[in-house]
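Structure record follows, encoded as structure tokens.
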Amino acid sequence: MSKYEFEEIEKKWRRIYEEKKLYEADADEKREKFFVTVPVMYPDGRLHTGHMYTWTRADIFARFQRMKGKNVLFPQGFHMTGGPMAGMSLRLKNGDEKAIKIMKDQGASEEDIKRFAGNPLELGLFFGKTYKSDFNLVGTSIDWRRNFILSYTEQYSKFVEWQFRKLRELGYITQGSHPVVWCPRENTSLGDHDRAEGEGESPQEFTIIKFKADNLILPAATLRPETIYGVSNLWVNENGQYKKVRFSNGEEWIVSKEFTEKLPFQKNVAEKIEDFNIADLAGKTAVNPVNNEEVPIINAEFVKTDRNTGIVMSVPMHAPFDYNYYNKKKTEIKLREPRKIIDVKTNPNLMEEAIKRFGTADEKELENATKYVYKTEFNYGILNESNGPLSGKPVKEAKEYAIALIKEKNAYDNFYETSGEVICRCGAKGLIKLVENQWFIRYSDKQLKEKTIDWIQKMDVRPEEAKAQIINAVYNMEDKAATRNGGLGTPLPWDNNWLIEPLSDSTIYMAYYTFAHIIKDMKPEEITDEMFDYILLDKKSDKKFPDNIEKMKKEFEYWYPLDLRVTAKELITNHIAFFIMTHVAIFSKDKWPRGLGINGWLTVNGKKMSKSKGNTMTIDYVVNNYGADSARLIASASNGMDDAAWDLNNINGFKQKIEFILELTEIMDSFSGERKLADEFLLSKTNYLIENSEKEYNSMKYKNSLNYSFFEFIENIKNYIDYGGNNKDTLKYVITVFSKLNHPLFPFVTEEINNALNKGELLESYQSWPEIKEEYKNEIVENEFEVLKQTISDINNLVNLINKDPKEIIIGIAGKEKFEIYNKVEEITHRSRDLKEIRKEVPSNEFVNKLLKNPKRLPNKKLDYELEKRVFIESKSKLKEMYNAEIKIEESNEDKAFPGKPMLIIK
RNA sequence: GCAGAGGUAACGAAGCGGUCAAACGUGUAAGGCUUAGGACCUUAUGGCUUAGGCCUUCGAGGGUUCAAAUCCCUCCCUCUGCACCA
């Protein structure tokens with residue numbers, strides 16, 4: 001068997017592609033275009049197979065479109081905005097051993113690491129270079145002339161400035177304060193990945209209701225201000241420390257000591273703070289500001305002074321904790337019956353029911369009861385007639401009315417807490433900081449959302465299921481804080497204190513690719529808003545622009561809109577939503593993006609592949625050891641958004657099959673037979689495979705397309721040979737089609753196969769996608785070969801049964817009349833499967849009884865008496881070879897001889 | 001909490017009203033090839049049968065239909081994403 005020398009083959013074709021500059025695409029009005037991108041990535045380490053998964057998926061589509069005759073642009077930029085690179089550089093500067101080891105493992109020298117320390121750009125440029133060579137190695141068809149680096153390329157920063165001024169002009173920028181999870185020790189926002197504990201916790205807003213006790217204010221914090229009419233008392237905890245805080249407006253608040261520490265991060269700093277003995281308040285009363293009711297202040301050890309203010313309003317009939325304590329206290333102090341203010345029709349005694357069901361033994365049980373009560377009341381509860389102006393409101397809607405009412409009484413404030421405990425990697429407890437003067441992009445804009453969702457409905461989303469998720473993401477979109485204080489990035493043009501953060505400066509940069517190779521020769525100061533208005537928005541100007549700008553406009557107008565953006569699913573709720581919305585906000589409709597391709601994670605042995613898990617393989621390792629074409633198998637590891645499992649073992653099977661095809665091309669001249677039924681079978685099948693693999697390529701379901709274009713295809717070629725096919729023209733045509741169908745997936749080796757058979761143009765460089773030939777379609781021949789296959793399997797079974805080598809095999813084909821009845825029944829089933837109906841139209845005899853025995857197994861495909869005979873006669877010599885026995889083909893009148901299932905006698 | 005996806009053989013996974021005992025892959029077993037191992041090839045792998053037959057399954061329960069893994073309802077369970085962070 002001929003050896004598959006992948007190194008040589010790949011080296012050769014890589015060189016040829018490069019010499020012909022096949023991946024460099026320019027505007028060409030005469031040709032239809034296709035523009036595909038994958039999001040930029042951070043060059044902060046070597047590329048690994050996890051990256052390769054997404055990029056190869058995009059590359060396959062790019063090559064597929066090239067073969068369909070399109071002018072394809074696939075550019076790639078890098079991203080250096082934001083924290084990660086700056087963070088790594090800083091860690092190197094601080095001599096962090098772990099960071100240094102990571103760099104060394106990825107091929108950086110001592111010298112390099114010294115350069116990276118404190119200079120994140122050097123680090124990015126270093127890995128940027130490895131990215132280019134790795135992508136080239138694996139055959140990603142990128143036009144590198146258009147590469148640029150987000151927010152490092154000065155010309156690009158001009159583009160971002162234009163984008164932001166444009167957004168502001170259009171009214172999509174606002175300024176305000178914004179709660180973020182914050183580390184008070186490191187004085188920085190605390191993202192999920194910086195946390196030792198509390199991943200996924202976020203700021204939660206509490207309403208503060210100011211109860212009055214004499215001249216003091218007792219600020220009770222609650223998530224349910226709508227229960228204000230049900231308050232029976234206030235809880236404080238005498239085990240905790242409290243303070244008296246005076247604000248500049250003269251108000252004096254009694255709050256826990258812990259609260260005073262959090263206060264400066266969200267409110268104006270207090271004028272004066274002094275100790276306060278909370279026990280002094282015990283037995284006194286406070287006034288509910290909404291209904292002026294006097295409620296007792298009671299000590300309760302369950303109150304947590306490190307959450308909120310340390311003052312809790314008690315609503316016994318609607319909060320299990322309160323209910324439980326209130327009933328206990330009732331035995332000590334004389335208390336009035338608590339008031340029930342929410343009715344749930346289906347559960348008239350909700351509280352008793354919850355207590356009975358979950359218990360009161362410990363905090364956990366009470367928490368479960370609380371969840372149950374809150375949920376039920378929220379969904380089905382109505383505020384009853386004891387709720388003053390709130391009476392009759394469903395709980396779902398009551399909150400905003402309650403807040404308005406509390407505000408009216410000058411008793412409202414608010415405070416943010418983390419939704420659960422957050423601990424920073426540094427060990428400090430996270431809290432919420434209200435960042436002031438933050439700039440936002442108004443993605444919450446209703447009209448923008450509507451326009452975007454309308455558009456997404458029309459987009460080509462692969463797989464289709466992702467569409468609902470994207471629409472949902474847009475629907476739930478809130479304003480996005482677009483700036484930050486540290487790291488790298490483009491300064492906000494009108495407020496230089498802020499840098500534009502990385503998810504906001506990367507929403508329309510795909511447009512920049514269209515002219516990146518031209519604008520890079522311009523001086524930044526030559527680049528103006530007027531110019532971008534002209535190029536991107538077709539805004540006419542009196543000014544006559546120089547040729548290079550006219551050329552940029554031409555490129556932009558030719559390539560835009562983007563036809564396909566390929567990315568992993570974790571970007572759906574942020575980047576993909578921002579990307580589409582910003583296009584809708586800024587560009588005219590004919591420039592909005594047309595297609596998306598979403599994929600899942602790549603997994604290895606059931607685990608997600610990622611650097612932090614240490615289960616990655618670098619691209620150069622895989623390519624050098626297995627070959628680029630083999631490595632590209634990775635793209636067929638899954639069909640849609642499911643996680644994709646990749647297994648190196650698949651590569652062996654792949655290579656084996658490639659060797660089989662390569663060998664066929666070498667011994668092509670030895671096939672010298674006539675055309676027979678087997679040829680008709682293979683040609684018909686080939687059509688079917690073209691049709692199906694094209695469909696799967698189109699929806700980016702590469703696992704399926706590989707099944708058709710590769711595995712099933714080869715199976716059919718093998719069957720053809722097994723059935724006695726040996727016609728050179730057929731094989732040459734079929735293997736050429738094979739090389740074409742598989743070219744997007746395996747560009748190098750298919751080019752080699754095609755080249756061995758047809759000295760002509762490169763598959764990559766002309767309209768080479770194979771056409772379906774109607775004249776080759778022959779369904780009945782395919783069916784009859786299916787019969788042959790099934791019969792061979794039956795013979796095998798029978799030979800096993802008798803457990804000796806057969807001397808003679810008699811194959812009895814059913815008579816012509818049986819075929820006629822069979823086909824007749826098949827025809828009727830298209831109209832009716834009612835056995836009575838069918839019987840009306842066919843003679844009644846033993847054969848028909850058998851045929852109609854099982855309504856589930858009625859004839860389902862057309863067969864042909866003459867063809868069935870010929871199929872067996874033409875494969876006779878092969879069968880003889882297989883079993884080393886005499887083969888007799890004859891017509892049989894026996895009951896067992898069925899159309900599509902010949903009678904078998906084995907002697 | 002909100003949203004999305006899903007529960008099919010030992011496992012991964014396809015099928016999405018009749019071609020289904022269930023493609024394809026892995027694992028397992030037997031045989032072939034090989035000095036040997038690996039790789040590769042052939043066959044088997046729900047149960048009962050053993051001349052090509054029958055029976056039972058697709059998270060659980062109910063319903064629609066001549067026909068349901070596939071459509072509808074209820075319940076149980078699993079996974080993924082949720083923003084200032086790339």
Side-chain angles (χ1 to χ4, degrees), chain A residues 1 39-42 44 79 81-85 87 178-181 189-195 200 202 204 371 374-375 378 419 435 438-441 443 463 465-473 475-485 487 501-504 506 569-575 577-578 600-601 603 606 608 638-643 645 647 649-650 652-653 655-656 659-660 703-704 706-707 711-712 715 783 786 790-791 793-802 826 829 832-837 854-861 896 898 901-906:
Chain A
M1 190 171 261
V40 286
M41 75 289 236
Y42 278 81
D44 63 348
H79 207 184
T81 312
M85 313 230 349
H178 180 59
V180 289
V181 181
S189 73
L190 200 45
D192 262 351
H193 299 289
D194 310 319
R195 299 177 192 176
S202 54
Q204 189 173 29
K371 264 188 201 157
Y374 281 18
K375 198 175 154 182
F378 182 81
S419 54
V435 177
Q438 171 64 275
W439 292 95
F440 294 87
I441 300 175
Y443 290 123
E465 309 94 85
K467 203 176 237 185
Q469 276 189 55
I470 297 165
I471 288 175
N472 214 274
Y475 184 79
N476 291 317
M477 196 59 60
E478 289 168 25
D479 291 346
K480 161 96 177 105
T483 54
R484 52 182 291 157
N485 293 307
E501 64 83 41
L503 280 169
S504 299
S506 59
K569 63 186 172 188
E570 75 268 22
L571 293 185
I572 287 177
T573 49
N574 41 65
H575 170 74
F578 302 151
W601 298 108
T603 60
K608 180 184 147 195
S638 140
N639 277 322
M641 280 193 299
D642 297 341
D643 289 343
D647 191 345
N649 292 323
N650 295 338
N652 273 322
K655 285 190 170 162
Q656 202 85 160
E659 284 180 358
F660 169 71
K703 192 176 177 179
N704 288 349
L706 183 72
N707 234 340
F711 292 109
E712 240 185 81
E715 202 52 39
N783 292 344
E786 194 55 41
Q790 195 54 49
T791 306
S793 158
D794 284 346
I795 295 173
N796 288 338
N797 277 335
L798 293 176
V799 168
N800 277 345
L801 276 176
I802 59 173
E826 195 272 343
T829 57
S832 164
R833 293 189 145 259
D834 189 330
L835 296 183
K836 279 184 207 141
E837 289 296 313
N854 187 342
K856 272 196 168 187
R857 305 218 171 135
L858 294 174
N860 53 57
K861 54 189 177 192
K896 278 186 179 166
F898 239 69
K901 204 163 173 59
M903 179 195 65
L904 297 173
I905 297 169
I906 297 183

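The chains referred to below are lettered A, B, ... by the order of the sequence lines, with proteins before strands, and numbering in each begins at 1. It should be emphasised that the depicted structure is a prediction, and the values quoted were computed from it without experimental measurement. Only this structure's heavy atoms are used, side chains among them; waters, hydrogens and symmetry mates stay out.
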How would you label the contact of A/Met477 with the nucleic acid (heavy atoms, under 4.0 Å): base, sugar-phosphate, or nothing? base
Under 4.0 Å, counting only non-hydrogen atoms across every strand here, what does A/Asn783 touch: a base, just sugar-phosphate, or nothing? nothing
Name the closest nucleotide to the A/Ala481 side chain, picking from B/rA23, B/rG52, B/rC84. B/rC84
Just compare B/rA23, B/rG53, B/rA83 and give me whichever is closest to any side-chain atom of A/Glu478. B/rA83
If pairing means Watson-Crick or G-U wobble with both distances under 3.5 Å, then the partner of B/rC58 is none
Closest-nucleotide mapping onto RNA chain B: is A/Thr791 or A/Asn707 further toward the 5' terminus? I mean the 5' end. A/Asn707
Say we look at B/rA5 and B/rG15: how far apart would their P atoms be, to the nearest angstrom? 16 Å
For atom C1', what is the distance between B/rA13 and B/rG62, given to the nearest Å? 29 Å
P atom, B/rU26 versus B/rU42: distance in rounded Å? 12 Å
Could you give the distance from OH (A/Tyr443) to CD (A/Glu478), rounded to the nearest 0.5 Å? 13.5 Å
Tell which nucleotide pairs with B/rC84, taking only Watson-Crick or G-U wobble pairs whose two distances are both under 3.5 angstrom. none
If we take the P atom in both B/rG61 and B/rA9, what is their distance in whole Å? 15 Å
Among B/rG53, B/rG81, B/rG4, which nucleotide has an atom closest to any side-chain atom of A/Asn472? B/rG4
B/rG37: pairing nucleotide in any strand, Watson-Crick or G-U under 3.5 angstrom: none
Can you tell me the distance, in whole Å, between the CG atom of A/Leu904 and the P atom of B/rG52? 11 Å
NA contact type, A/His178, heavy-atom cut-off 4.0 Å: base, sugar-phosphate, or nothing? base
Can you identify which nucleotide, out of B/rA83, B/rC84, B/rG4, has its nearest atom closest to the A/Phe578 side chain? B/rA83
Could you work out which one of B/rC2, B/rU80, B/rA13 sits closest to the side chain of A/Lys703? B/rA13
To the nearest Å, give me how far apart CG (A/Leu571) and C1' (B/rC82) are. 13 Å
pair_partner(B/rU19), Watson-Crick or wobble, both distances < 3.5 Å, evaluates to none
Base, sugar-phosphate, or nothing: which does A/Pro902 touch, judged by heavy atoms less than 4.0 Å apart? base
For A/Lys467, the salt bridge (Lys or Arg N to Asp or Glu O under 4.0 Å) test, sequence neighbours excluded, returns A/Glu464
Heavy atoms only, 4.0 Å cut-off, all strands: where does A/Leu503 land among base, sugar-phosphate and nothing? base
Could you measure between the two C1' atoms, the one in B/rA83 and the one in B/rU28, and give it in whole Å? 49 Å
Atom C1', compared across B/rC72 and B/rU64: separation rounded to whole Å: 7 Å
If we only count heavy atoms from C-beta on, is the A/Met477 to A/Phe578 side-chain gap below 4.5 Å? yes
Considering only the P atoms, how many Å lie between B/rA68 and B/rG63, rounded to the nearest integer? 13 Å
Checking base pairs now: Watson-Crick or wobble, both atom distances under 3.5 Å. What partners B/rC79? B/rG4
Given atom CG of A/Asn476 and atom P of B/rC84, what is their separation to the nearest angstrom? 16 Å
Which whole-number value in Å describes the distance from A/Ile470 CD1 to B/rA5 P? 12 Å
Expressed in whole Å, how much space separates the P atoms belonging to B/rA69 and B/rC58? 7 Å
The side chain of A/Thr573 is closest to which nucleotide in this list: B/rC84, B/rG4, B/rC82? B/rC82
Which nucleotide in the list B/rG53, B/rC84, B/rU80 gets nearest to the side chain of A/Lys569? B/rU80
Which whole-number value in Å describes the distance from A/Glu712 CD to B/rA14 P? 16 Å
The residue, A/Met903 or A/Thr483, whose nearest nucleotide of RNA chain B is more 5′ is A/Met903
